[in-house]
Each structure stands twice: as C-alpha cells, then as structure tokens.
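In what follows, a single structure is set out as structure tokens and then discussed.
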2 protein chains.
Amino acid sequence: MSTELQTQLLDSKGLKKTPIRRELVSLFLQNSNALSFHDIQDGMSSKLDKSTLYRNLTSFEEAGLIHKINDHSGIAKFALGQQDLSDDHAHFVCDNCETVSCMEGSVSIDVKVDDKVHVKQIQTIVHGICGNCNS
Amino acid sequence: MSTELQTQLLDSKGLKKTPIRRELVSLFLQNSNALSFHDIQDGMSSKLDKSTLYRNLTSFEEAGLIHKINDHSGIAKFALGQQDLSDDHAHFVCDNCETVSCMEGSVSIDVKVDDKVHVKQIQTIVHGICGNCNS
DNA sequence: ATTTTAAACGCGACTGAGTTGCATCTGTAA
DNA sequence: TTACAGATGCAACTCAGTCGCGTTTAAAAT
C-alpha cells in the first residue's frame, strides 16, 4: 500500500525505521527537486536537531537511498537515487531560481584519458534557465 | 619575455598588477592541477591574509582569468581558465589523492530537455584514479 | 616628479555549513 | 521483556568564506 512506500525503501536498504526517517523519506518522495539542508529542516513537521538530520542524510547516502549534489553554490543538495536514473545522470541547476533537479538520459565524454587513468564515475551539472522561469 | 607572462595575463584582463597578484598568477602558471585555498596560501612566499587571497581569487574569477571547481568535497578549488580548453571542459578528480585537474576534450549530453528549458553551460566532474596513483 | 584617488591590503570580527562528544532514548532482535 | 546497537538532542566546536574599516599602494592625472 502507498503509505508503506517509505517503509519498503528503508527496509530495502537495511535502515532502521524511526518516525524521523519515515518522514524524511516521505519528504524526498514528495519532491522531484533536490533539497538543501534548510529545505529539509523546513519541510519536516517539527523542528529537528541539525546533527540528527545530517547524520540521517549521511546514513541515507551511504546506503544509496539518496545522493548528494555539489553545485557552484558550495551548499550541498540531496535527492533520491532513483532506479530509473543511471548512476551517472546529469543534474540541472536553474541559474535564476537555483532549483536543482535530476535529468533523465546519458552523458558521454570525449576526452583524452591517459592509459593509466581509471574512470569510475561521471557527474555532470547542466546550468541554464528552467521551464518555470522561462515563461 | 617569460618573466613577464604574469604581467601580460593581468594586463589582458584589466587587473591591477600588485606583487601579490603577480605571485598568485605565477603560482597558477606553475601548477597544472586545481588549487585549494590552502594550496594557494601555502604556495605563496609569505603568509598572506585570507581575505586578501579570497578577494583576489574572486576578482580573478570575475575577470575570467581563473575558474572555480566545486567537487564532492565541498571545498572550492581554482584553476587557470586556459584558452585551449573549452568553457565546458571536464574536470578529473582522483578519488585517491584528491588531485583535481582539467581535461581536454568535449562533453556531450543526451538528455531529455523541455522546450522551455534553456541550457547555458555544462560542467562535468569525472571521478576515478589518476595515473600517478594507478602505478 | 608630485599629487590624487580608486582599489588593494591586513586585521579582526562575524556568519553559516557541517562535525563531534556525550548522555538519553528507542527500534529491533533475542 | 530484556538487552543493546544505533538514533536522537544538546552544546560546543571546526573550518570555509565574508564583511567592515582603517591603512597602504598602483597607476593615472597634473
């Protein structure tokens, strides 16, 4: 049932199901955009301690439930790691409203790489103006 | 003459040529890798005030002499913006020694983009193990 | 050469993100 | 139901980066 989606996600990653974690997962499920720490703190029903939130975000990230995005602002944002998006998916940053969202599709690079260099992951940030701001 | 390359670079960007700025440009010219604030502070011949350095880095960035790179560490790194590299060039981050360097070549994306979305710039960070560490 | 002035410098105080140590509480498994 | 690892909250802390302000200096004007 739909109210149990958070439970399924936490279970699937072997994470303990506390009330805070359930609400935190719900918050991510409700938002397609990446969330800053303050978006998260403001989005929870009660004001929670920041170390609790940061520790949960770290646990979620280590478990692969969410991923961290570092854009040019220097402030980390977090978004659900979705199965239908590749590991190397791109992120879109609106230079006007500063919204960050994940992009479907693939990124390919055509760069000179030395033989000894081992490429493991590609992270791409696409800057521009989002549909909302461009109206 | 070669000792005047810093002067040329500062002149070409309309930046005032102070002793600190000359040495700062020299430091960037000597390093192919991107430099963190502490790399820079340690690389200068005398210990300089951090606000002076930060303000110079900001001026250099605004003038297009250098560019800022935000990798997963959350700590900004700076590198010369070189003419032979495209604006949208990729950065390589070694997950072992944490060195950051610019990559020649181009990045292309194949992602779904809404009609209203206007893409302005693509920034890519390639993670892996560098040649030095992979020996 | 001297004066002028906008901009660079240094100092110190500050902000804000993120971390850590520790005592208490709670989810879960035995 | 109990036991315990791990989650929570609080407070103190670290560290990157910024800002205000008084002083100095590069470079243009005289």
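Please read these numbers as outputs of a predicted model, since none were measured by experiment. The sequence lines fix the lettering, A, B, ..., with proteins before strands; numbering per chain opens at 1.
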Shortest side-chain distance from [X], nucleotide among [options]:
X: P19(B); options: dA26(D), dA12(D), dA13(C); value: dA26(D)
X: R21(B); options: dC9(C), dA8(C), dG9(D); value: dA8(C)
X: K16(A); options: dA7(D), dG18(C), dG10(C); value: dA7(D)

For [X] and [N], give me the distance from atom [atom1] to atom [atom2], rounded to whole Å.
X: N56(A); N: dG6(D); atom1: CG; atom2: P; answer: 14 Å
X: K77(A); N: dA17(C); atom1: NZ; atom2: P; answer: 11 Å
X: L57(B); N: dT18(D); atom1: CG; atom2: C1'; answer: 13 Å
X: L10(A); N: dT26(C); atom1: CG; atom2: C1'; answer: 15 Å
X: L15(B); N: dA28(D); atom1: CG; atom2: P; answer: 13 Å
X: F60(B); N: dA7(C); atom1: CZ; atom2: C1'; answer: 14 Å
X: R22(B); N: dT25(D); atom1: CZ; atom2: P; answer: 15 Å
X: K13(A); N: dG6(D); atom1: NZ; atom2: P; answer: 19 Å

Query raised in the report: So does R55(A) reach the base of dG21(C) with its side chain, donor to acceptor, closer than 3.5 Å?
Result: yes
Report task. Could you tell me which non-hydrogen atom of K16(B) sits nearest to which non-hydrogen atom of R21(B), and how far apart they are? Result -> O-CD, 3.0 Å
Report task. Specify the closest pair of heavy atoms between I20(B) and M44(B), including all atoms of both residues, with the distance to one decimal. Result -> O-CE, 3.6 Å
**Report entry** Any residue meeting side-chain hydrogen bond (donor to acceptor under 3.5 Å, both in side chains) with S36(B), in chain and number order, not counting sequence neighbours
**Finding:** D39(B)
OP1 or OP2 of [N] less than 4.0 angstrom from a side-chain nitrogen or oxygen of [X], does that happen here?
X: S59(B); N: dA8(C); result: no
X: S51(A); N: dT20(C); result: no
X: Y54(A); N: dT19(C); result: no
X: T52(B); N: dG10(C); result: yes

Requested in this report: State whether the side chain of N134(A) and the backbone N or O of K116(B) hold a donor-acceptor pair below 3.5 Å, judged by distance alone.
Outcome: yes
**Report entry** Contacting residues from residues 36-45 of chain A, given that a heavy atom lies under 4.0 angstrom of DNA chain C
**Finding:** H38(A)
Requested in this report: Please work out if K50(A) contacts a base, only the sugar-phosphate, or nothing of the nucleic acid, heavy-atom cut-off 4.0 Å.
Outcome: base
Report task. Please determine, by modelled atom types, if S45(A) and E23(A) share a side-chain donor-acceptor pair under 3.5 angstrom. Result -> yes
Report task. Taking atom CD of E61(B) as the centre, report whether more than 12 heavy atoms of other residues, nucleotides or ligands fall under 6.0 Å from it. Result -> yes
Query raised in the report: Has D49(B) got more than 12 heavy atoms of other residues, nucleotides or ligands less than 6.0 Å from its CG?
Result: yes
Query - Earlier contact from the 5' end, DNA chain D, for D11(B) and D49(B) - result: D49(B)
**Report entry** Atom pair CD1 (I66(A)) and CG (L9(A)), whose distance is rounded to the nearest 0.5 Å
**Finding:** 12.0 Å
